[in-house]
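As structure tokens, the structure follows; a few thoughts come after it.
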Amino acid sequence: MRIFNTLTRKKEIFRPLKKGRVGLYTCGPTVYNYAHIGNLRTYIFEDVLERALEHEGYAVRRVMNVTDVGHLTSDADAGEDKLEKGAKREKKSPWDIAKFYTKAFIADLGHLNIKKPDVLAPATKFIPEQIKLIEQLFSRGYAYETPRAIYFDVSKFKGYMRLSRQKLAEKSVRARTEVVEDPQKRNPHDFALWFKRVGRFKNHIMHWASPWGVGFPGWHVECSAISSALLGQPFDIHTGGIDHIAVHHTNEMAQSEGAYGRPLAKYWMHGEFLLMGKGKMAKSGSSFITLADIVKKGFDPLAYRLFVLGAHYRTPLTFSYEALHAAENALAKMRRTVSMLKSEKINKTRTPNSSSKIYMRKFSEALADDLNTPKALAVLWNVLDDMALSPHDKLSLVLSFDKVVALGLKDIKKLPPAPLTVQKLAAERELYRRHKQFAQADALRVKIGALGYSVEDTPEGPVVHPL
Ligand code: AMP
Ligand code: ZN
């Protein structure tokens, strides 16, 4: 399998750290609001990654954090606390907000056939691990304390810009324009590891005791602490959306590698944005679309999944209801065909057609080429359209593909049998056809059509299905 590693900006052959196993860490949601369908695009990409690795025979352990501690409305240390903002908006406690939106997030995963990670780790359950990590950074000379916070000194960490390939100068310009509230912060791009419950945070609701006084962790710390606690360090693959490259993952890498002197992850993979018009869909902006919004408009969530799989994860994808509509039609067609296949009397003893193996190989190759889902879907359509393939082979291929594309094809029900009159006409037509009396056979096809059915001639005999 080859995957594009953000660290090297190259497609690389995937080689796991431990034979047959993959440790996968996927950054999770900040639970102060519903996920928008842009976030869900990233989670679908990560789900396909996990399923594709399983398709290759790996046992995958996937960990996802849930940011249920109040972080700030911008990626850097400025801005409002997101959970407290949500709490004010809904007149609930930040704890209740986190609980509510975690549940909503898990429900979204279910509707999109995204497998629940092996561990969903709430940041608030890993406070001791985060404190330990900060202590470790102190002992290795990367952390410093001011009366307001503990910071990571980025000037001490060689290769701080390795992942983003930016110049520190570019980053500083941005950092300087943000509110630098702490005059004792050494460099504007140093980032907080721990905020003390003082100054503007003196009434902060979520807080814990620490060696540096009562306060709460900086955002990036949880991922470093959770990943090393649950997957070890290094682990195989770390993923997220591309917006995480420049700040969050850069800081995670600095913390983890600074603390333990080993790489954090061997491969880094990032999903491109879902766009609305020209801009990216964003949670903090005033307008965003949730899965519930598209369901309210009558769409099946899996039509959204199919829409997402139709684009490679490393290309930006523009959302529109027209495109979603096209995906829904395609899904309906796919389901109709699968339902027909399930209704047919399948001759299981037939030896599989050799093209069956070729299709399986093509599907696997598409996924193994940095998760080329558009190509994998094209193979699925080719299978469905291939008249030379037996219904048995078609169905078994499609159901194996569905373990990765997860469009719910295995749950599609059989069609109810065609009415007896239609079945009789089809049998009669088959007799004519066998005797090469095509004019009579065609006349019966027209009659069958008038009753709302069509006949398809397959290697296993004629099959009738509703028009
Ligand atoms: P957040 O809850 O904001 O931390 O985002 C959750 C995940 O969604 C992260 O991996 C982000 O990188 C990703 N993400 C945010 N906005 C978008 C977008 N418009 N399209 C795709 N992924 C996104
Ligand atoms: Zn993270």
Side-chain angles (χ1 to χ4, degrees), residues 6 24-49 62-75 79 82-83 85-86 97-98 101-102 104-105 108-109 112 114 117 120-123 126 130 133 163-164 191 217-231 235 237-256 264-265 268-285 287-291 304 307-308 311-319:
T6 309
L24 173 62
Y25 187 88
T26 53
C27 287
T30 307
V31 281
Y32 72 109
N33 205 339
Y34 293 106
H36 60 61
I37 55 173
N39 304 132
L40 294 170
R41 179 188 185 196
T42 295
Y43 303 128
I44 292 172
F45 139 60
E46 295 163 339
D47 180 60
V48 171
L49 172 63
R62 176 169 175 204
V63 174
M64 180 187 263
N65 65 305
V66 173
T67 304
D68 59 346
V69 65
H71 294 303
L72 310 174
T73 46
S74 82
D75 267 359
K82 287 179 180 172
L83 274 143
K85 191 178 163 194
I97 288 287
Y101 288 110
T102 301
F105 172 69
D108 281 350
L109 296 188
L112 287 167
I114 295 172
L120 258 183
F126 287 81
Q130 296 181 61
L133 184 102
L163 188 65
S164 73
F191 58 91
W219 172 35
H220 317 293
V221 182
E222 68 187 61
C223 287
S224 289
I226 291 171
S227 62
S228 91
L230 299 177
L231 292 171
F235 55 88
I237 310 178
H238 194 313
T239 66
I242 48 158
D243 54 331
H244 281 348
I245 299 173
V247 183
H248 180 53
H249 288 170
T250 287
N251 291 350
E252 260 186 52
M253 191 189 245
Q255 289 165 167
S256 297
L264 171 55
W268 291 78
M269 293 175 79
H270 292 95
E272 254 290 355
F273 279 144
L274 180 78
L275 307 175
M276 277 297 281
K278 283 207 177 88
K280 78 158 191 159
M281 185 170 289
K283 211 187 242 180
S284 308
S287 78
F288 66 84
I289 301 176
T290 64
L291 195 62
Y304 181 66
F307 165 71
V308 166
H312 188 256
Y313 76 93
R314 283 194 294 115
T315 52
L317 174 63
T318 302
F319 177 78

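Because the structure is predicted, anything quoted here is derived from the model rather than measured. Read the numbers this way: they start at 1 and go in the same order the structure lists the ligands and their atoms.
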If you take the nearest heavy atom of each of [options], which one is closest to [atom]?
{"atom": "atom 11 (C) of ligand 1", "options": "T42, D243, L275", "result": "D243"}
{"atom": "atom 5 (O) of ligand 1", "options": "L274, N39, V31", "result": "N39"}
{"atom": "atom 10 (O) of ligand 1", "options": "G241, A35, P29", "result": "G241"}

In this structure, does ligand 1 have an atom that sits under 4.0 Å from one of the heavy atoms of M276?
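Under 4.0 Å: no for M276.
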
Which ligand 1 atoms does G240 reach within 4.0 Å, using its non-hydrogen atoms?
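Answer for ligand 1: 10 (O).
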
Do any N or O atoms from the side chain of N65 and from the backbone of A121 form a donor-acceptor pair under 3.5 angstrom?
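Answer holds: no.
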
I'd like to know if the side chain of Q130 reaches the main chain of P217, judged simply by a donor and an acceptor atom lying under 3.5 Å from each other, with no hydrogens or angles considered.
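Checked: no pair found.
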
At a non-hydrogen distance cut-off of under 4.0 Å, which region of E272 contacts ligand 1 (side chain, backbone, both, or neither)?
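Just the backbone.
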
Metal site the Zn ion (ligand 2): N/O/S of C27 inside 2.8 Å
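An N, O or S atom of C27 is closer than 2.8 Å to the Zn ion (ligand 2), so yes.
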
Can you tell me if, anywhere in H220, an N/O/S atom lies at a distance from the Zn ion (ligand 2) that is smaller than 2.8 Å?
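Not a single backbone or side-chain N, O or S atom of H220 is under 2.8 Å from the Zn ion (ligand 2).
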
If you look at H248, which of its N/O/S atoms is nearest to the Zn ion (ligand 2)?
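Within H248, restricted to N, O or S, the Zn ion (ligand 2) is closest to atom NE2.
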
Among the N, O or S atoms of E252, which one sits nearest to the Zn ion (ligand 2)?
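Atom name returned: OE2.
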
Pairwise side-chain contact, F288 with N33, heavy-atom cut-off 4.5 Å (strictly under):
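They are in contact (side-chain heavy atoms under 4.5 Å apart), so the answer is yes.
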
Find the distance between CD (E252) and OG (S227) and round it off to the nearest 0.5 Å.
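Going from the CD atom of E252 to the OG atom of S227 covers 6.0 Å.
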
With ring centroids as reference points, do W268 and H248 lie under 6.0 angstrom apart?
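No.
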
Starting from the C-alpha separation in whole Å, work towards a yes-or-no answer on side chain to side chain contact (heavy atoms under 4.5 Å, CB included) for L230 and F235.
CA-CA 10 Å; L230 299 177; F235 55 88; over 6 Å; no

Among D243, N251, I245, T250, whose side-chain contact (heavy atoms from CB on, under 4.5 Å) with V247 holds?
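Among the candidates, only N251 passes.
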
